[in-house]
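Note that the coordinates shown come from a computational prediction; the quantities given were computed from them, not determined experimentally. Note on naming: letters A, B, ... go to the chains in the order of the sequence lines (proteins, then strands), and numbering restarts at 1 for each one.
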Number of protein chains: 2
Amino acid sequence: MNPTIHDVAKQANVSISTVSRVFNNPDSVGKEMRERVLQVIEELGYAPNPFASGLRDNRSMVIVAMIPDIRNSYYAEMLSGIEEVALSKRYNVIICNTIQNEERFLEYVKYFVKKKVDGLIFASTEITEFYKKNFDALNIPVVLASTEGRAWDLPSVRVDDVQASYDATTFLINNGHQEIGFISGPSHLLVPNVQRYEGYRKAMQDHQVPVSEQHVVYAEMTFDAGYEAMSRLYAKMPHLTAVYAASDAMAIGAMKFLHEQGLEVPRHVSVMGFDNLELSRMISPGLTTVAQNIYEIGKSAGELLFQGIENRDQDLQSVTIAHEIIVRGTVRNRRLKSDSER
Amino acid sequence: MNPTIHDVAKQANVSISTVSRVFNNPDSVGKEMRERVLQVIEELGYAPNPFASGLRDNRSMVIVAMIPDIRNSYYAEMLSGIEEVALSKRYNVIICNTIQNEERFLEYVKYFVKKKVDGLIFASTEITEFYKKNFDALNIPVVLASTEGRAWDLPSVRVDDVQASYDATTFLINNGHQEIGFISGPSHLLVPNVQRYEGYRKAMQDHQVPVSEQHVVYAEMTFDAGYEAMSRLYAKMPHLTAVYAASDAMAIGAMKFLHEQGLEVPRHVSVMGFDNLELSRMISPGLTTVAQNIYEIGKSAGELLFQGIENRDQDLQSVTIAHEIIVRGTVRNRRLKSDSER
DNA sequence: TTGTAGGCGTTATCAT
DNA sequence: ATGATAACGCCTACAA
């Protein structure tokens, strides 16, 4: 059995309150006594029982990160940022893989979250009324990461998707591309797809490049779906010179399709992604993409959450994380006329 | 404030013991009463306070997964398996990113693990006496994943690395390769590098293929290190026809180097990896590799751990997970004489 | 400055 | 079958 506060008290010949104070308010204890107690604590390897403190204070020192899937490097990276802040605050992070699944979400809420967690970071799907209602019932601070609160203005941490997408598209245009296809995420997933689509469209229009639904194709934001989407896009736009995909995973899937068609990237077709996953620099040529500082998103979300935890009635301000175009090897500058252009 | 067992009792006009029994031993409660209580529980949205139960039973329903880095897809995948079993058992998983760092490990142990966790899955480094000692002090079931207990025979879940590595090498030999370079993980990381090296060497010898330290190069098991290691290997073995790397990350780094040298994979050089990371199928050509069923490793480790949790004095048996050669596009069969061989 | 005592919510033992 | 009660370990108001 672990030593309790009583054991320490007896051993040090003081009352349990003194021991408790040594932990929670050291200055209120006389120097000698404090040192005596500290020594016994050390000797016995005493640490307060978190259940007992939790029972009294209603705090668990645990936060929850709800994400669709850790296997997705995007969320792994985010989690890593969250975990970093949590460790520094002496908090634990519990993972909930929601798999974009309401039932599973409920299961978590019912069996875990309700059971005392001090805060929640939600990075899964679209927030619907269903989620909002459950969050409210939890009665703990909630921060959204890479998604937004929509009507319910929950605090969130994310990139300015419209602007980022605008920048990506403009980059392609500035490199001499006009026939730019867009592989969007699924239209039912409003965030971030509405925004990324809007940025794309706006950039095209602002630069007087014709754009229509003919330039767009929709797919789940995965590698396999990207591959398949590229085949559809290619059928619609056989003359495209560039493809902009709303996620790196899709972009890399698209590249696979192009490769199989004997189309070289970037010689025949340029490709631009979004996310800057770790693997985007591993492929050859490296993927030119929009970097979200995902780690930073996680960290910021954590920091925001702790603000809320430490000061329960404070209004949390949403945060926008800067983005950046990462130039690698998948976009060809068509303005530099080369021998083998298309 | 959340409703307590007292609120339910009052509302249902029974004693708290009855309410408690409805939860923990429903059959011992009369049918009508049970139903009445159940209804009130529903109405009030009552759920037992886990701190109170924890305080009594000394169980947290939480396990810890200690891994080097979630950003590494290998561990993300493993975590995903662990999490799956945990959810089914109504347990939570807390992540500890150790970053292969003893201090950080200690921090976790001190602030979290000691604070009541029912079990631990450790998938970080080599187990040294330092770790073993800390595990013992924790006094909870510990299962190793993808590492081994060495002298201390802690239960572990892993692939048979010697055999898997033997199979990989043999596959290359059977495809007509003789000049096979090996990119090993760092020699200070005994597990799994000793085993993979042994499998490689044994396969070469068994097939009468000359092998020596000239064929081997050591590096950290990352993409960047693989790239750099390939340059060293190429300097030592300019005539190699195949490279076998002890991890996919290294293999893909090596491919990048080869690509930059104008060497095509697999036309000029064949490449074989180890791990079957998700991204290995995303690159073009897809990486031929040894699949560890990493998800399964995580799941098995979880199951083993729960055996230990549910029956504290049971001896846990280590588990070996099957491996498999995944043939994709990076190994050329030199026995099929083609036009452009090397 | 230090000690005493009550209460946090649950479960299990014991009595009815 | 049901109810009363002690105990889990900690913290803090209050008393000394």
Requested in this report: With rounding to the nearest 0.5 Å, note down the distance linking CG in B/Leu79 to CD in B/Glu77.
Outcome: 10.5 Å

Report summary line: B/Arg59 CZ to C/dT11 P, in whole Å, measures 11 Å

Query - N-O pairing of B/Glu278 and A/Arg71 below 4.0 Å - result: no

Report summary line: Per-helix bend value, the helix from C/dT1-D/dA16 to C/dT16-D/dA1, C1' rotation axes over five pairs per end, 10° rounding, shows 40°

Requested in this report: Output the residues of residues 18-36 of chain B in contact with DNA chain C, where contact means a heavy atom of the residue under 4.0 Å from an atom of the strand; sort by number or write none.
Outcome: B/Ser20, B/Asn24

Report summary line: Residues at least two apart in sequence or cross-chain that pass side-chain contact (heavy atoms from CB on, under 4.5 Å) with A/Gln292, listed by chain then number, are A/Tyr74, A/Ser146, A/Val159, A/Arg196, A/Phe274, A/Asp275, A/Ile294, A/Ile297

**Report entry** Under 3.5 Å donor-acceptor pair, A/Arg56 side-chain atoms to C/dC8 base atoms
**Finding:** no

Report summary line: Ranking C/dT10, D/dC10, C/dT11 by distance to the side chain of B/Asn49, first place goes to C/dT10

Query raised in the report: Taking the side chain from A/Ser156 and the backbone from A/Glu148, do they hold a donor-acceptor pair closer than 3.5 Å?
Result: no

Query raised in the report: NA contact type, A/Ile5, heavy-atom cut-off 4.0 Å: base, sugar-phosphate, or nothing?
Result: sugar-phosphate

Query raised in the report: So does B/Glu84 pair up with B/Lys299, basic N to acidic O under 4.0 Å?
Result: no

Requested in this report: Over 60° means perpendicular and under 30° means parallel, so classify the ring planes of B/Tyr131 and B/Phe122, tilted if in between.
Outcome: tilted

Query - Neighbours of DNA chain C within residues 6-16 of chain A, by heavy-atom distance under 4.0 Å - result: A/Val14, A/Ser15

Query raised in the report: What is the distance from CG of A/Asp57 to P of D/dC10, rounded to the nearest Å?
Result: 12 Å

Requested in this report: Apply side-chain hydrogen bond (donor to acceptor under 3.5 Å, both in side chains) to B/Thr98 and list each qualifying residue two or more places apart in sequence or on a separate chain.
Outcome: B/Ser124

Requested in this report: May I have the distance from B/Asn58 (atom CG) to C/dA12 (atom C1'), rounded to whole angstrom?
Outcome: 15 Å

Query raised in the report: Less than 4.0 Å between a side-chain N and a carboxylate O, is that true for B/Glu296 and B/Arg158?
Result: no

Report task. Could you note down all residue pairs passing ring pair (Phe, Tyr, Trp, His ring centres under 6.0 Å) where residues 4-35 of chain A supplies at least one of them, sequence neighbours left out? Result -> A/Phe23-A/Tyr46

Query raised in the report: Between the side chain of A/Arg34 and the main-chain N/O of A/Val22, is any donor-acceptor distance below 3.5 Å?
Result: no

**Report entry** Salt bridge present between B/Lys133 and B/Glu129 (N-O < 4.0 angstrom)
**Finding:** no

